[in-house]
Amino acid sequence: MTTTSILSDRINNLSESATLKMTKLGRELAAKGINVISLSVGEPDFSTPEHVKNAAKQALDQNYTRYSPVPGYPDLRQAIVDKLKQENNLDYDISEIVVSTGAKQSLSNVLLTLINPGDEVIIPTPYWVSYSEMVTLAEGNSVFIHTTIDSDFKITPAQLEAAITPKSKVFMFSSPCNPTGSVYSKEELAGLVEVFEKHPDIYIISDEIYEHINFVGKHESIAQFNSIKDRVILVNGFSKAFAMTGWRLGYIATNRVIAAANEKIQGQTTSGTCSISQRAGIAAYKEGLESVLEMKNAFARRRQLVYELLNEIPGVKTNLPEGAFYFFPEISSFFGKKDPEGNVIENSADLALYLLNYGHVATVGGDSFGNDNYLRLSYAASDDNLREALRRIKEALAKLV
Ligand code: PMP
Ligand code: GLU
């Protein structure tokens, strides 16, 4: 019996998450006593704010320990409705909110509820690793719109129009973007909306999980355009804004039909997410954004630091990302070069492995985000670690001949 013969085609055709794989490799090296700096996983290095942790402790004492309603506690969904009104000026009813086990599950649920085999999902590249694999799991086909650093990794309305076919069902993007940090302005979104207005059968998944980590202005959601709002599935969550990655709390806001379908799929797979996390989520949204602003200021400082250090490395080309906490520099000038043992660096995955094994810095190759000429660095690390990591990367790259 081969390992693959017992597994479904679905699993055999699925790639492992590259962000999680590189993080795992980094941890394995660290377990051998090697000092590895991780710039691979996209996870705030801060602790969850005290008031959020206290709400979770109280929730335990108050015995919030049973199954919750599948789409989430009504008062959490109301807090989400209030947040969307106050911060984003978006009107939703609690029947249009479904809370899930992280935005990751929200995205997966939405694709499973909308996609029939062979439907096309339009995804601008670079995109977050899991998008294309979730589409594959839903038996859809990803259609990529390619961008490069020269357009700050943003698509134009003409590119969108050209990607649309009679099979297009969903358009899926993140702004601020993982992995590029690019942020679409209101005007840029309006240009895309004009195209969607001409194609009323296309649904838009708007992943806004980095909304609070935006260095250029206020967050603009594509759901603000009333002509298409009913077709937008807004995805957001608590992981990035409140340093709550382990709590697994995300949600969608969308029309009632899609929300009810998401509740149905969740009711047959995972049920409502962790009761204690949900009570903590209410505290996070009710207490305001002070802690979020503190984190954002730290990220702004680190962004400048990494920008300056990356610019000092010969052969690396970068832009200044407008949001999130990633850089996505172009590194293809190193392809074809050899490491000190004579191994040729063929692609971004090779380069990421080289940097891990020789430089002891974990990064992620751009290929998993849809563009092999780049490397993703998360700067959700301390200033000292960032300085040391960039020093190691520079030194390791200089050894390639
Ligand atoms: N979308 C994007 C763009 C992300 O980077 C992440 C990070 N994990 C997620 C969704 C999922 O977030 P979570 O499941 O932790 O809420
Ligand atoms: N979204 C983060 C990242 O891109 C977390 C890891 C993951 O879930 O892929 O690194």
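Just follow the structure's listing: the first ligand is 1, and inside any ligand the first atom is 1. FYI, the numbering just counts along the sequence from 1. The analysis underlying the following values was restricted to heavy atoms, covering all of them including side chains, and did not include hydrogens, waters or symmetry mates.
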task: With Tyr184 as reference, evaluate Phe173, Tyr210, Phe153 under the ring-ring contact (aromatic ring centres under 6.0 Å, His included) test and give the passing residue.
output: Phe173

Who's closest to [atom] heavy-atom-wise, of [options]?
atom: atom 10 (O) of ligand 2; options: Ser378, Gly42, Gly102; value: Gly42
atom: atom 13 (P) of ligand 1; options: Ala103, Ser100, Ser106; value: Ala103
atom: atom 8 (O) of ligand 2; options: Glu43, Lys21, Lys104; value: Lys104
atom: atom 14 (O) of ligand 1; options: Arg248, Glu43, Met244, Glu208; value: Arg248

How many angstroms lie between atom [atom1] of [X] and atom [atom2] of [Y], to the nearest 0.5 angstrom?
X: Phe171; Y: Ile222; atom1: CZ; atom2: CD1; value: 7.0 Å
X: Ile11; Y: Leu137; atom1: CD1; atom2: CG; value: 6.5 Å
X: Trp128; Y: Ser17; atom1: CH2; atom2: OG; value: 7.0 Å
X: Leu39; Y: Phe327; atom1: CG; atom2: CZ; value: 11.5 Å
X: Tyr73; Y: Thr273; atom1: OH; atom2: OG1; value: 10.5 Å

query: Do the numbers put Arg302 on top of the ring of Phe325, so that NZ or CZ is under 6.0 Å from the six-membered ring centre and no more than 45° off the axis?
result: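 Judged by the rule (NZ or CZ under 6.0 Å from the ring centre, within 45° of its axis), Arg302 is not positioned above Phe325.
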
- prompt: On the ring face of Tyr92, is Lys83 found with NZ or CZ under 6.0 Å from the centre and within 45° of the axis?
  reply: no

query: For ligand 2, which atoms sit closer than 4.0 Å to a heavy atom of Leu20?
result: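 Heavy-atom distances to Leu20 below 4.0 Å select 6 (C), 7 (C).
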
query: Just which atoms of ligand 2 are under 4.0 Å from any heavy atom in Arg376?
result: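 Those of ligand 2 that fall under 4.0 Å from Arg376 are 3 (C), 4 (O), 10 (O).
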
- request: Report yes or no: do Asn13 and Asp9 form a side-chain donor-acceptor pair below 3.5 Å?
  value: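 Not at all, the side chains of Asn13 and Asp9 share no donor-acceptor pair under 3.5 Å.
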
message: For Glu208 and Asn88, which I'm curious about, is there any donor-acceptor pair between the side chains at under 3.5 Å?
response: no

message: With respect to Tyr131, determine whether any N or O atom, backbone or side chain, lies less than 3.5 Å from an N or O atom of ligand 1.
response: no

query: Just distances here: any N/O of Tyr210 and N/O of ligand 1 closer than 3.5 Å?
result: yes

task: Take atom NZ of Lys53 as the centre, draw a 6.0 Å sphere, and report whether it contains more than 12 heavy atoms from other residues, nucleotides or ligands.
output: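 Check passes, neighbour count above 12.
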
- prompt: For ligand 1, which part of Ser239 has a heavy atom less than 4.0 Å away: the side chain, the backbone, both, or neither?
  reply: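 For Ser239, only side-chain atoms sit under 4.0 Å from ligand 1.
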
query: In a check of side chain to side chain contact (heavy atoms under 4.5 Å, CB included) between Asn262 and each of Ile233, Val99, Leu112, Val110, which one passes?
result: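 Among Ile233, Val99, Leu112, Val110, the one that satisfies the side chain to side chain contact (heavy atoms under 4.5 Å, CB included) with Asn262 is Val110.
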
- request: List every atom of ligand 1 that sits less than 4.0 Å from any heavy atom of Asn178, numbering the atoms from 1 in the order shown and giving each element.
  value: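 Answer, ordered by atom number: 3 (C), 4 (C), 5 (O).
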
message: Distance under 4.0 Å to a non-hydrogen atom of Gly102: what atoms of ligand 1 satisfy this?
response: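 In order of number, 14 (O), 16 (O).
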
Taking [atom] as the reference point, the nearest protein heavy atom with its distance:
atom: atom 1 (N) of ligand 1; result: Asp207 OD2, 2.6 Å
atom: atom 7 (C) of ligand 1; result: Lys240 NZ, 2.8 Å
atom: atom 1 (N) of ligand 2; result: Lys240 NZ, 3.3 Å
atom: atom 12 (O) of ligand 1; result: Ile209 CD1, 3.5 Å
atom: atom 9 (O) of ligand 2; result: Thr19 OG1, 2.7 Å

message: With a heavy-atom distance limit of 4.0 Å, tell me whether Asn178 approaches ligand 2 through its side chain, its backbone, both, or neither.
response: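 Asn178 to ligand 2: side-chain contact only, backbone stays beyond 4.0 Å.
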
task: Using a 4.0 Å heavy-atom threshold (strictly under), name the region of Val41 that reaches ligand 2: side chain, backbone, both or neither.
output: both

query: Is there a heavy atom of Gln105 sitting under 4.0 angstrom from any atom of ligand 1?
result: no

